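In what follows, a single structure is set out as structure tokens and then discussed.
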2 protein chains.
Amino acid sequence: MSLDAGQAGQGTPRKRADSVRNEQVLLAAAAAVFVGSGVDAPVREIAGRAGVGVGTIYRHFPTRADLIIAVYRHQVEACAEAGPALLANTESPHSALGQWVDLFVEFLVTKHGLAAALQNDRDGFDALHTYFVDRLVPVCAHLLQAAVAAGEIDADIGAYELLRGVGNLCAGEGKDPQYNADRLVKLLIRGLARPAPRRG
Amino acid sequence: MSLDAGQAGQGTPRKRADSVRNEQVLLAAAAAVFVGSGVDAPVREIAGRAGVGVGTIYRHFPTRADLIIAVYRHQVEACAEAGPALLANTESPHSALGQWVDLFVEFLVTKHGLAAALQNDRDGFDALHTYFVDRLVPVCAHLLQAAVAAGEIDADIGAYELLRGVGNLCAGEGKDPQYNADRLVKLLIRGLARPAPRRG
DNA sequence: TGGTAAAGGGAACGTCGCTCCGTTTGACTA
DNA sequence: TAGTCAAACGGAGCGACGTTCCCTTTACCA
């Protein structure tokens, strides 16, 4: 096994600054391209958007699966961190929940691509899936809780249940032009809202 | 819908002889290549095996889905016709059943490829699927019946059930090197056999 | 048997994933 | 601060692919 990584700060911080910067840029570019063109998007498109050469991509992510996995973890993390941030910056918790679910839906594109890319590696996929569940369910639960506390929604749905439902709504998205998952998800979230007290 | 095909023999038999011959050759070649290299096999490989140019393939089957559908129908038909033939030419009906299931398994490669190629067209796929069931279940039932009549197997399994079971055993075949569907199918068929009467 | 439209064949084009290697650059040392 | 050097970069280039285009061949009918 190689302990070469230079984060423990033994004597020499190995990673060059431009390298770590490019890795971040690549993850962001790949995420955007996946959402726009699917996970089968050409490598050159990702490189172009990131403003780097294709060689750089292959240096950081030797296989397409490596790239997808990295984007996936990156997005799980970003999605998880966005939850509390949205809650803090948005007046209504229910609205924050809606915005957060939008992020979640975008991210599902990568997740579904991941499943296709890891057909061979059931174990690897399962590991990433439990990571995904463990990381995001609490965030969603937190948002739900806040909305309940604010009296905006009822407390009759669980976080896992909601995420699972949204995920299922997005299954097969993009295949059938008749089917628009986004719209259905929006409706679902709107349906969570407690009816406003009648005025009169 | 186009009724252009020239089989009703109005005035002029439109189709040229070499055209129909090449179409048959192409279907056979494509079927063989699909089994050997999967449904994503290069067009040139199919053309090469058929001994024709790539242009000829595109003339007959403008899209890959067209080709796969045609191979699929062709194989369903061939598989259906092979049932009675095997029964007539093989001493033991149970053995005939085994050989027939081998054909069926080969054919499943195309069927699974079909599902992938027709993601957009759920209706088209469903139509082909019911065609497949309607055509092959009776053939399988006939083989089972013969084996039962010969006292080689028990009558406790239905044709649909058996085909479904074989189909499920073959799901995901080729992805995981640990998993060999062929072997399991063989075991399943062998398991149908009635134990030979004890001697002694 | 000759004319003709259908069918065939395959070179050629554009795109893709991926590699390879000359060039650039960040980081460490003297 | 200047010099050194390995790590990182970029993109031309390779081989393989799907698809098209057009010239050649051929089966059919009068």
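Every value quoted in this text rests on a predicted model; they were computed, and no experiment measured them. A, B, ... follow the sequence lines: proteins, then strands. Residue 1 opens every chain.
Comparing C:dG8, C:dA7, C:dA11 against the side chain of B:Val54 picks out C:dA11 as the nearest. When distances are taken from the side chain of A:Arg44 to each of D:dC9, C:dC18, C:dG26, the shortest belongs to C:dC18.
In this view, B:Asp134 satisfies the side-chain hydrogen bond (donor to acceptor under 3.5 Å, both in side chains) rule with no residue, not counting sequence neighbours. By the side chain to side chain contact (heavy atoms under 4.5 Å, CB included) test, A:Ala50 pairs with A:Val25, A:Leu26, A:Ala29, A:Val52, sequence neighbours left out. Partners of B:Arg44 by side chain to side chain contact (heavy atoms under 4.5 Å, CB included), not counting sequence neighbours, listed by chain and number: B:Val54. Partners of A:Glu45 according to the salt bridge (Lys or Arg N to Asp or Glu O under 4.0 Å) rule, which considers only residues two or more places apart in sequence or in another chain, do not exist here.
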Show me the donor-acceptor pairs, under 3.5 Å and distance only, between side chains in residues 136-153 of chain B and residues at least two apart or in other chains.
from, atom 1, to, atom 2, distance (Å)
B:Glu152, OE1, B:Ser92, OG, 3.2
B:Glu152, OE1, B:His94, N, 2.5
B:Glu152, OE2, B:Ser92, OG, 3.1

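Counting only residues at least two apart or on different chains, the ring-ring contact (aromatic ring centres under 6.0 Å, His included) pairs with a member in residues 43-89 of chain B are B:Tyr72-B:Phe107. Evaluation of the salt bridge (Lys or Arg N to Asp or Glu O under 4.0 Å) test over residues 53-74 of chain B, restricted to residues two or more places apart or in two chains, returns none. Pairs engaging residues 81-109 of chain A under the salt bridge (Lys or Arg N to Asp or Glu O under 4.0 Å) rule: A:Asp102-A:Lys186 [sequence neighbours left out]. Sorted by first and then second residue, the ring-ring contact (aromatic ring centres under 6.0 Å, His included) pairs involving residues 24-52 of chain B (not counting sequence neighbours) form an empty list.
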Report each atom pair, protein N/O against N/O of nucleotides 22-25 of chain C, whose distance is under 3.5 angstrom.
from, atom 1, to, atom 2, distance (Å)
C:dT25, O2, A:Arg16, NH1, 3.2

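When each of B:Gly55 and A:Val52 is assigned the nucleotide of DNA chain D with its nearest heavy atom, A:Val52 is the one assigned upstream, toward the 5' end.
Ring geometry, B:Phe125 versus B:His129: the interplanar angle falls under 30°, so the pair is classed parallel (tilted spans 30 to 60°).
For D:dG10, one of the phosphate oxygens OP1 or OP2 lies less than 4.0 angstrom from a side-chain nitrogen or oxygen of A:Thr56.
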Take A:Val39 and A:Val71 through the test side-chain contact (heavy atoms from CB on, under 4.5 Å) and record every step on the way to the result.
CA-CA 11 Å; A:Val39 284; A:Val71 170; over 6 Å; no
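Within the nucleic acid shown, B:Gly51 comes within 4.0 Å of sugar-phosphate atoms alone, with no base atom in reach, counting heavy atoms only.
In the region residues 57-72 of chain A, proximity to DNA chain C at under 4.0 angstrom, judged on heavy atoms, holds for A:Tyr58, A:Arg64. Across residues 21-43 of chain B, B:Asn22 each have a non-hydrogen atom less than 4.0 Å from an atom of DNA chain C (numbered order).
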